[in-house]
Amino acid sequence: MSLEPTFRNIRGTFDILPRDGRSEGAHDMPSRAWQHVEQVVREVLERFNFQEIRTPILEPTELIARGVGQLTDIVTKEMFAFRRGDTNYVLRPEVTAPVMRAYLQHRIDQQGAVQKFYYIGPCFRAENPQKGRYRQFHQFGVELIGAETPEADAEVIAAMMAVYEAFGLKNLRLRINTLGDAESRPRYREALRTYLLPLADRLTPTSRHRLETNPLRILDTKDERERRLLEGAPRIIDFVDEKGRAHYEAVKAHLQALGIAFEEDPFLVRGLDYYTHTTFELESPDLGAQSALAGGGRYDLLAMDLGHDAPVPAVGFAAGIERLFIALQAQRYAFPEEPPLDAYLVSLGEEAMRWALVEAQALRRAGLRVDLDLKGRSMKAQMREANRQQARYAVLVGERELAEKRAVVRDMRSGQQQEVPLDELTDFLKGTVRVSS
RNA sequence: GUGACCGUAGCUCAGCUGGUUAGAGCGCCAGGUUGUGGCCCUGGAGGUCGGGGGUUCAAGUCCCCUCGGUCACCCCA
């Protein structure tokens with residue numbers, strides 16, 4: 001199973017293979033399925049006029065630390081970071097901060113219009129892997145930058161839901177909440193602390209620690225006893241000012257108008273510091289412990305956290321592709337089948353093999369999907385290969401055919417075969433293939 | 001970082017209370033058809049039983065360590 005001197009993929013990563021082979025270190029879906037998922041994602045998001053942005057996988061560590069937040073789990077313990085020369089690098093653990101960085105760097109804000117970006121690609125987090133969690137994982141998401149209206153929030157959530165709708169996923173649960181803004185949050189934080197302080201001895205050690213560092217994070221505890229303690233805790237919404245509350249109410253109204261079902265969860269806080277106002281999370285019952293399919297929210301303060309001189313309103317979501325796959329498999333999603341080979345060239349003898357090599361090129365130029373034997377195997381073995389590849393036709397050529405300038409073309413479904421002059425092969429295969437498909 | 005469970009051919013697994021040359025199905029290769037697939041039949045290749053150490057006359061089977069996997073905690077996608 002494992003030979004010492006051979007290499008394996010790094011823990012928490014996987015290879016995506018052309019054919020689904022159940023094997024350690026390989027994703028259980030073939031590359032074709034990944035292409036399909038990516039394609040659907042692109043189509044849906046582009047329908048919303050989100051346009052792709054590609055940023056480097058390598059970013060300055062400081063960008064992530066300031067963007068995501070110094071005290072977040074991501075920054076304190078989950079970054080793949082290293083130093084080289086006098087620069088600190090990270091493999092990006094998320095894409096929102098990099099997109100904002102690009103937006104500011106290229107002065108896209110000067111263009112005035114609302115910017116709608118989408119991205120799709122790998123991210124890295126040094127966590128212990130488990131179901132739906134990897135060290136190199138793949139995300140897609142959108143960032144809508146430059147609009148502070150509740151309609152922008154609704155648009156982002158609508159785009160997110162549209163992706164899952166396109167895949168026909170059912171039983172999804174959308175939860176939303178508001179975290180208020182830079183004014184209300186500190187006030188709420190204090191109120192929450194004041195409430196929890198007398199109960200500190202009944203909290204878990206981590207929560208007790210968070211009481212000092214980041215009290216909001218205690219809200220999303222899974223500990224039953226803590227949840228009960230929190231029932232009487234002050235609610236964020238009561239600290240949000242008139243404007244913030246109106247924003248939240250408007251978002252909810254828009255979601256209703258869009259026919260998007262949701263539930264409010266006053267305890268929904270997210271582990272990234274940049275969120276303000278609207279936050280949301282999409283869950284699937286099919287995922288196991290890592291139940292979040294996607295999440296996001298508004299992050300109006302991120303630009304300033306990154307050193308910009310004015311706030312830049314923005315809202316976005318991020319979604320996990322591996323988790324999408326889990327949900328798709330659980331709901332028996334029908335992935336498109338591998339397109340079959342139009343023809344497999346079977347050759348006998350060196351000369352015929354050379355002919356096949358050249359003929360394959362001609363057929364491919366004519367638009368056909370063609371493969372040929374490159375091992376010089378027996379005819380039987382080549383036929384077996386043609387069958388395995390589910391080729392529509394096997395084209396057999398040996399010395400005899402070469403001399404007579406005609407090939408034996410075998411229909412692999414019916415088993416019927418006929419002779420076709422070599423110079424008519426392209427037209428024959430194209431014509432017949434077109435007719436039969 | 002912590003915990004639980006698991007680790008025998010490419011894949012899925014069987015190997016009873018430790019005891020002769022470690023097995024099956026699928027897959028792969030070849031033959032049955034001197035130039036032909038899918039079904040069937042026959043044969044073959046492929047395993048340091050994750051690795052190391054220990055107990056024992058004897059270990060895939062027991063003990064320890066280690067590596068890897070899975071799931072969970074934490075948190076997130």
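These figures come from a predicted structure and were not determined experimentally. Every chain is numbered from 1, with letters handed out A, B, ... down the list of sequences. What you see below is based on every heavy atom in this structure, not just the backbone, and it leaves out hydrogens, waters and symmetry mates.
Judged as a side chain to side chain donor-acceptor pair (under 3.5 Å), and not counting sequence neighbours, the contacts of A:Glu338 are A:Arg32. Listed by chain and number, the residues in a side chain to side chain contact (heavy atoms under 4.5 Å, CB included) with A:Pro60 are A:Leu63 (sequence neighbours excluded). Considering only residues two or more places apart in sequence or on other chains, A:Arg185 meets the side chain to side chain contact (heavy atoms under 4.5 Å, CB included) condition with A:Leu179, A:Thr276.
For the OP1/OP2 pair of B:C75 and a distance below 4.0 Å, the side-chain nitrogens and oxygens of A:Arg210 include at least one atom meeting the criterion. Applying the 4.0 Å criterion to OP1 and OP2 of B:G69, one finds that A:Arg11 has a side-chain N or O inside that range.
The side chain to side chain donor-acceptor pair (under 3.5 Å) pairs that include a residue from residues 348-362 of chain A are A:Gln361-A:Arg364, where partners are two or more places apart or lie in different chains.
Note on A:Glu94: nothing from the nucleic acid sits closer than 4.0 angstrom, heavy atoms only. Nucleic acid contact for A:Gly415: base, since at least one base atom lies under 4.0 Å from a heavy atom of the residue. Using a 4.0 Å heavy-atom cutoff across all strands shown, A:Leu293 reaches sugar-phosphate atoms only and no base atom.
For A:Arg217, whose side chain is taken as the heavy atoms from C-beta onward, the closest listed nucleotide among B:C75, B:U36, B:G68 is B:C75.
The CD atom of A:Gln416 sits 15 Å away from the C1' atom of B:U36 (whole-angstrom rounding). Atom CD of A:Gln130 is separated from atom P of B:G69 by 14 Å (rounded to the nearest Å).
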Within the sub-3.5 Å range, which N or O atoms of nucleotides 25-35 of chain B have a protein N or O partner, and how far apart are they?
from  : atom 1 : to       : atom 2 : distance (Å)
B:C28 : OP1    : A:Arg388 : NH1    : 2.4
B:C29 : OP1    : A:Arg377 : NH1    : 3.4
B:C29 : OP1    : A:Arg377 : NH2    : 3.1
B:C29 : OP1    : A:Arg388 : NH2    : 3.2
B:A30 : OP2    : A:Arg384 : NH2    : 2.1
B:G32 : N7     : A:Lys380 : NZ     : 3.4
B:G35 : O6     : A:Arg400 : NE     : 3.4
B:G35 : O6     : A:Arg400 : NH1    : 3.2
B:G35 : N1     : A:Glu401 : OE1    : 2.8
B:G35 : N1     : A:Glu401 : OE2    : 3.0
B:G35 : N2     : A:Glu401 : OE1    : 3.4
B:G35 : N2     : A:Glu401 : OE2    : 2.8

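Using a 3.5 Å distance cut-off with no hydrogens or angles, the side chains of A:Trp34 and A:His27 do pair a donor with an acceptor.
If you check residues 172-181 of chain A against RNA chain B, you find no residue with a heavy atom closer than 4.0 Å.
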